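These numbers were taken from a predicted model, which means no experiment stands behind them.
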Amino acid sequence: MIRRLKNNPLVLKLFRLIFVLLGSLPKKKNLVIFESFHAKQYSDSPRAIYEYMKKHYPDFRLIWSVDKQAAPLFDGFGVPYIRRFTLRWFLEFPRAKYWVNNVRLPSWMPKPADTVYVQTWHGTPLKKLGTDIEEIHMPGTDTASYKLNFVLEANKWDYLVSPNAYSTEIFTRAFEYGGKVIESGYPRNDVLSTPSETLSSSIKRDLGIPVEKKVMLYAPTWRDDDYFEKGKYRFEFQFDLERWKREFGEEWVLLSRMHYLVAENFDFSAHAGTVYDVSTYPDIRELYLISDLLITDYSSVFFDFAVLNRPIVFFMYDLENYRDQLRGFYIDIENEAPGPIVQTEADLFAAINALKDSDVRSNPKFKAFRNRFSSLEDGHAAQRVVEAFLE
């Protein structure tokens, strides 16, 4: 019932009117409001910026905007928050001096003139973005509407965080963004630049992973054109988990990190003790820290994981379709990927065996990749971002 009301055009017009009226009131100059992934996560660069400001800027009031379903997560972390679209939210959000977010806000939400909107985005782009996508295959929208909504959103941003020069060029064009860019590295990667063995051991213990086991992380993305209906997408494993267990289970465990759009489709209970479902784990950065090897496809996770100088295998079983029909890539992935690209289960397992004990830092292709995409990841990105938008 509540969801239907929130999607009602008349209700959204009322929300917008209230937002405009309250946003015209004087700003609460030391108030910063954070959101991550549609107010459903305590994660990513907004979390890193929040934690940096909490430590170094005690005079600021730092609050998270949170979806109702995510409230227990924030209660567990003891993080101050307001529930999205409640009376208190309307009294706080439009009047906050600063917004920090990593995805688009609802299209009905205008940005008040005196608000500083910091958009951190959520990944170095491999797949085409925004207006660079030639044809949209998602249900519930069309190509023209999708691109227009992106441009309208980008017009609200005062600062856009970029991890490197490569991303800056793409972001400004694909979002048709003409505002200020903070080319700083990603704040979320600060923790990866100086990984802590103590923190890693604590994370493994909390997940119930035996201390002697090595960890393999499988983190694929979703497919725009493979869906049940609007907002409900399909995804099927293309390698056999029983065979994986026979091949690697004595030494390794597998963390399965499904994209949030398909995560609810999976039940790994039959593989308890071997496969750990970490799709709803609050922050993927901690999963990177405990993982000795990453398997992915077209997800931007590999740009971040490479900061750790650990092996990456690209399981791109549908490479031709994804590259030529669905999205398209910005880089020549087949020549620039910092790890082998495989398309069959047999080749995947062979690649894992070949890489699992290797030192990727000696690989010239891996070094070239790190130099191009991760040169700014020095552990101080959050500091650079905060100092830029508070100037």
Side-chain angles (χ1 to χ4, degrees), residues 32-54 62-67 69-70 73-74 77 79 81-82 84 93 96 98-107 109 111 115-127 129-130 149-150 152-164 167-168 170-172 174-175 177 179-192 219 221-222 257 259-261 263 279-288 299-305 307 376-377 381-386 388-389:
V32 188
I33 292 190
F34 300 82
E35 279 195 6
S36 179
F37 293 112
H38 308 289
K40 294 179 180 178
Q41 292 189 19
Y42 177 55
S43 67
D44 206 68
S45 290
R47 175 177 177 176
I49 293 169
Y50 165 80
E51 291 174 345
Y52 178 83
M53 292 192 72
K54 182 179 178 182
L62 313 174
I63 298 179
W64 284 78
S65 166
V66 173
D67 183 88
Q69 294 179 332
L73 170 69
F74 284 80
F77 277 105
V79 175
Y81 70 88
I82 47 178
R84 232 183 182 197
F93 207 119
Y98 302 97
W99 297 349
V100 179
N101 195 7
N102 68 345
V103 293
R104 290 181 288 166
L105 288 169
S107 59
M109 284 178 61
K111 184 185 81 72
T115 299
V116 176
Y117 183 177
V118 182
Q119 173 57 248
T120 70
W121 204 241
H122 52 271
T124 301
L126 168 64
K127 308 180 290 285
L129 289 174
N149 287 335
F150 247 112
L152 292 175
E153 166 69 13
N155 284 338
K156 301 175 185 177
W157 305 340
D158 295 285
Y159 293 91
L160 174 60
V161 176
S162 171
N164 44 53
S167 298
T168 299
I170 292 171
F171 287 162
T172 53
F175 300 146
Y177 175 71
K180 295 179 181 178
V181 176
I182 308 172
E183 196 173 287
S184 57
Y186 268 139
R188 70 186 187 189
N189 289 341
D190 286 351
V191 71
L192 306 181
T221 192
W222 57 299
R257 177 76 171 192
H259 192 280
Y260 72 90
L261 289 173
S279 297
T280 60
Y281 192 83
D283 198 330
I284 196 172
R285 297 178 303 169
E286 296 184 354
L287 304 180
Y288 296 151
S299 172
S300 65
V301 296
F302 70 91
F303 289 100
D304 300 330
F305 192 80
V307 175
L376 296 176
E377 305 294 359
Q383 177 183 348
R384 288 191 285 272
V385 171
V386 173
F389 75 74

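- The shortest side-chain heavy-atom distance between Pro163 and Phe303 does not fall under the 4.5 Å cut-off.
- Between Tyr50 and Trp64, the two ring planes are perpendicular [angle over 60°; tilted spans 30° to 60°].
- Here the side chains of Asn102 and Phe37 are in contact, with some heavy-atom distance below 4.5 Å.
- Residues Tyr186 and Trp121 place their aromatic rings such that the two centres sit no closer than 6.0 Å.
- The closest side-chain heavy-atom distance from Leu287 to Ile284 is below 4.5 Å.
- Residues Lys111 and Asp158 meet the side-chain proximity criterion, which asks for heavy atoms closer than 4.5 Å.
- Cation-pi geometry between Arg47 and Phe77 is met: the NZ or CZ atom falls under 6.0 Å from the ring centre, inside 45° of the normal.
- In this structure, Arg84 does not pair ionically with Asp67, as no charged nitrogen and carboxylate oxygen lie closer than 4.0 Å.
- Looking at Ser36 and Ser43, their side chains do bring a donor and an acceptor atom within 3.5 Å of each other.
- By the 4.5 Å heavy-atom criterion applied to side chains, Phe34 and Met53 are counted as neighbours.
- Below 30°, between 30° and 60°, or above 60°: for Trp157 and Tyr117 the angle between ring planes is above 60°, a perpendicular geometry.
- Using a 4.5 Å cut-off on side-chain heavy atoms (C-beta onward), Glu35 and Pro46 make no contact.
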